[in-house]
Undergrad: 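Dropping the structure in here first, questions after.
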Amino acid sequence: MSGSATPTSNADAILPVIPSALVEVDVVARWRDGLPAAVPVPDGDGEPELGSCLETFGVDAAVLRALDVSSELGQVRTVPLSGGRFGWAIGSGDGTSGRWRTVGAALARTARSRLEDSDEGGNTPEDLGEALDVEYLQFRLPTDVDEEVVSGLTLGVTLGDYRFRVTQRAAPPRLRKVLLVAETEESAQRLRPVARKAREWAAATALARDLANTPSNIKDPAWLATTAAKTAEHVPGLRATVREEKWLADHGFGGVLAVGGGSSRPPRLLELHWDGGESGAPHLLFVGKGITFDTGGISLKPAEGMEMMRTDMAGGGAVIGAMASIARLGLPLRVTALVPMAENHVSGSAYRPGDVVRHYDGTTTEVANTDAEGRMVMADALGYAVREHHPDMLVDVATLTGAMKVALGLRTGGVFSSEQSLAERVRQAGERVGESWWPMPLPEDHVADVRGTNADVRQAPEGPGAVMAALFLREFTGGLPWAHLDIAGPARAEKNYDEVVAGATGFAARTLVQLAEGLAD
């Protein structure tokens with residue numbers, strides 16, 4: 001590994017610690033008197049069911065109604081208790097599986113608000129049973145609790161209070177641990193591994209958010225590659241290699257070099273390897289787009305919204321976060337990740353519309369639009385994957401096309417795949433971890449449009465934008481089983497919802513982890 005970033009400001013001195021610290025979650029069977037508590041309030045025939053509140057808090061039902069305790073999803077009401085204590089009643093709606101992420105996030109955000117309003121925040125209690133602040137709290141699980149409830153709650157409480165802020169201010173107090181209280185020790189033992197796995201999904205998501213949220217005056221390709229490699233050093237069995245621009249030139253990575261040629265901060269290629277499988281175990285390979293900032297190049301983007309282009313490496317961030325969690329989970333298969341990194345800038349050395357670029361595998365591409373840079377760097381990585389790593393399956397992830405936002409909106413990713421079964425695996429993995437995917441077509445009618453006139457292929461031919469981008473990438477997959485995940489919509493958020501916070505969302509990271517686990521099984 002080599003290469004180091006040269007920041008253009010002193011902002012790196014006040015960058016939050018990466019990876020972000022997350023809330024600890026455990027499933028227990030013992031209720032702790034005196035520890036701040038929360039209970040869910042489900043809907044029962046249009047009226048809130050107050051039984052759990054009555055049992056836990058010991059207050060009159062009339063008082064709960066006077067406090068406007070409701071089953072409305074995510075609504076939180078403070079219930080004053082004796083001795084200056086308090087509890088929270090959180091509406092859980094109809095209790096369907098996807099809603100528990102919202103419940104957990106509401107709990108985490110309420111705890112943060114309470115901590116920020118308290119002069120006593122930041123103290124770490126030595127005994128959970130004596131804690132009077134809300135850095136530690138407990139949540140009573142519903143009687144009919146199952147794995148999806150615990151997974152959803154864990155994702156909600158760990159990710160719902162996520163924050164990323166570059167500031168000189170001291171870090172505010174935060175929620176440190178949540179105890180999910182089951183009815184029996186048998187139930188707690190059954191659900192404890194579920195919470196641990198869901199927290200690992202959350203860790204993958206949070207790391208992806210951290211990397212994507214980092215401002216681009218700090219996050220150039222060298223910084224991103226080095227930070228990912230340093231993170232890998234702390235994960236047993238996860239190996240990282242960083243390839244510099246000279247290596248890329250010597251090995252013919254024409255797409256990466258063309259896109260990165262307009263910037264004073266040269267490109268990189270990150271390789272991550274996890275070898276957890278025995279002989280014959282499947283070899284899965286991820287490729288993640290790592291554009292650390294995207295001006296559009298000579299095909300310049302509009303100024304409005306360009307600041308969010310610091311998140312244009314969200315696909316690469318998702319891959320990096322997923323690899324760390326796959327290794328920590330010890331999944332029994334081989335997984336390789338490639339993240340081609342470049343900054344797409346405007347200068348006298350920038351690549352131009354009309355250029356012909358030769359990729360790693362020898363394929364030549366006729367450039368039409370320098371703002372279609374993601375597919376250029378990913379074409380190199382895919383060709384390198386096929387020729388040098390010989391995987392059984394390829395999955396690439398990218399904030400690739402604005403057309404995908406038009407097609408599917410801002411909360412659903414698109415899946416293009418050479419095999420329907422692989423697309424379904426991705427969809428099911430996403431459903432399991434709370435990420436939504438929709439299968440997209442690869443119509444043969446448009447294949448001829450990708451063929452070039454002055455080169456082998458055309459980078460951005462006329463036609464449906466997301467489809468044409470996917471068909472272009474397919475040219476570099478060597479006929480292997482392949483899925484292309486376009487996350488241009490859900491990779492970023494303008495406001496909080498469920499466990500998502502405004503900014504980079506980390507979308508796709510935990511889908512990749514679950515996909516790998518499914519293949520290992």
Side-chain angles (χ1 to χ4, degrees), residues 8 215-217 219-222 224 245 248-249 252-269 289-316 339-360 363-383 398-406 449-466 468-473 475-476 486 488 491-492:
T8 57
S216 294
N217 56 325
K219 180 180 58 187
D220 65 0
L224 180 58
E245 67 272 24
L248 294 171
F253 281 72
V256 177
L257 293 167
V259 173
S263 174
S264 61
R265 307 196 289 180
R268 294 287 187 270
L269 174 69
K289 174 183 170 182
I291 301 299
T292 56
F293 194 81
D294 182 19
T295 66
I298 288 175
S299 306
L300 191 66
K301 290 180 179 292
E304 183 179 358
M306 194 190 287
E307 71 277 4
M308 288 305 292
M309 288 301 99
R310 70 181 184 276
T311 68
D312 207 26
M313 39 57 63
V339 184
M341 301 172 179
E343 184 175 72
N344 190 24
H345 226 299
V346 185
S347 75
S349 58
Y351 80 131
R352 296 154 291 264
D355 285 0
V356 173
V357 173
R358 184 181 299 276
H359 294 283
Y360 175 85
T363 301
T364 56
T365 290
E366 180 181 335
V367 177
N369 184 336
T370 64
D371 194 25
E373 83 298 329
R375 67 198 73 179
M376 297 292 291
V377 302
M378 294 179 72
D380 277 346
L382 288 167
T399 52
L400 207 62
T401 64
M404 189 53 60
K405 294 195 290 185
V406 175
D449 298 329
V450 179
R451 302 288 178 255
T453 302
N454 298 327
D456 295 323
V457 290
R458 301 167 65 195
Q459 169 221 36
E462 293 292 328
M468 304 311 292
L471 288 171
F472 174 86
L473 291 177
E475 295 291 316
F476 299 88
D486 194 332
R492 313 172 181 101

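Source: prediction; values computed, not measured.
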Undergrad: With a 4.5 Å limit on heavy-atom distance, are the side chains of L269 and V256 in contact?
TA: no
Undergrad: Can we say D312 and R492 salt-bridge, meaning some charged N sits less than 4.0 Å from an Asp/Glu carboxylate O?
TA: yes
Undergrad: Checking the side chain of T364 only, and the main-chain atoms of D456 only, is there a donor and an acceptor separated by less than 3.5 Å?
TA: yes
Undergrad: Distance check, rounded to the nearest 0.5 Å: R265 atom CZ versus S216 atom OG?
TA: 7.0 Å
Undergrad: Please give me the minimum heavy-atom distance between P353 and S299, naming the atom from each residue.
TA: CG-OG, 3.9 Å
Undergrad: Can you tell me how far apart CZ (F472) and CG (L400) are? Round to the nearest 0.5 Å.
TA: 10.0 Å
Undergrad: Give a yes or no on whether the backbone of D220 and the side-chain of T292 come within a donor-acceptor separation of less than 3.5 Å.
TA: no
Undergrad: Going by heavy atoms in the side chains, are M313 and M341 under 4.5 Å from each other?
TA: no
Undergrad: Test L382 against H359 for side-chain contact (heavy atoms from CB on, under 4.5 Å), laying out the working first.
TA: CA-CA 10 Å; L382 288 167; H359 294 283; over 6 Å; no
Undergrad: D486 and T401: side-chain donor and acceptor closer than 3.5 Å?
TA: yes
Undergrad: With distance as the sole test, does K289 use its side chain to make a donor-acceptor pair with the main-chain N or O of M378 at under 3.5 Å?
TA: no
Undergrad: Determine whether a donor-acceptor pair (N or O, by modelled atom type, separation under 3.5 Å) exists between the side chain of Q459 and the backbone of A368.
TA: yes
Undergrad: Say you draw a straight line from CG of D355 to OG1 of T370; how long is it, rounded to the nearest 0.5 Å?
TA: 9.5 Å
Undergrad: So how far is it from N369 CG to R458 CZ, rounded to the nearest 0.5 Å?
TA: 12.5 Å
Undergrad: I need the minimum non-hydrogen distance between T399 and A314, along with the two atoms involved.
TA: CG2-CB, 3.9 Å
Undergrad: Can you say whether the rings of Y360 and F253 are parallel (under 30°), tilted (30 to 60°) or perpendicular (over 60°)?
TA: tilted
Undergrad: Do side-chain atoms of R375 reach the backbone of L473 as a donor and acceptor pair under 3.5 angstrom?
TA: no
Undergrad: Any idea which heavy atoms bring R352 and I298 closest together, and the distance?
TA: CG-CD1, 3.6 Å
Undergrad: Checking side-chain polar atoms at under 3.5 Å, does T295 have a donor or acceptor matched by the opposite partner on N344?
TA: no
Undergrad: May I ask you to test the M306-F293 pair for a side-chain heavy-atom distance under 4.5 Å?
TA: yes
Undergrad: Identify the two heavy atoms, one from H345 and one from A350, that lie closest to each other, and give their separation to 0.1 Å.
TA: O-CB, 3.6 Å
Undergrad: Considering all heavy atoms of both residues, which atom of A455 and which atom of V356 are nearest to each other, and what is their separation?
TA: CB-CG1, 3.9 Å
Undergrad: Hey, what do you get for CG (L257) to OH (Y351), rounding to the nearest 0.5 Å?
TA: 12.5 Å
Undergrad: Using every non-hydrogen atom in the two residues, find where A372 and M376 come nearest and quote the distance to one decimal.
TA: O-CG, 3.6 Å
Undergrad: Using side-chain contact (heavy atoms from CB on, under 4.5 Å), reason through V259 and I291 one step at a time and then give a plain yes or no.
TA: CA-CA 9 Å; V259 173; I291 301 299; 4.1 Å; yes
Undergrad: Using a 3.5 Å distance criterion without hydrogens, assess whether the side chain of K301 forms a donor-acceptor pair with backbone atoms of D294.
TA: no
Undergrad: Under 4.0 Å between a Lys/Arg side-chain N and an Asp/Glu carboxylate O for R451 and E475?
TA: yes
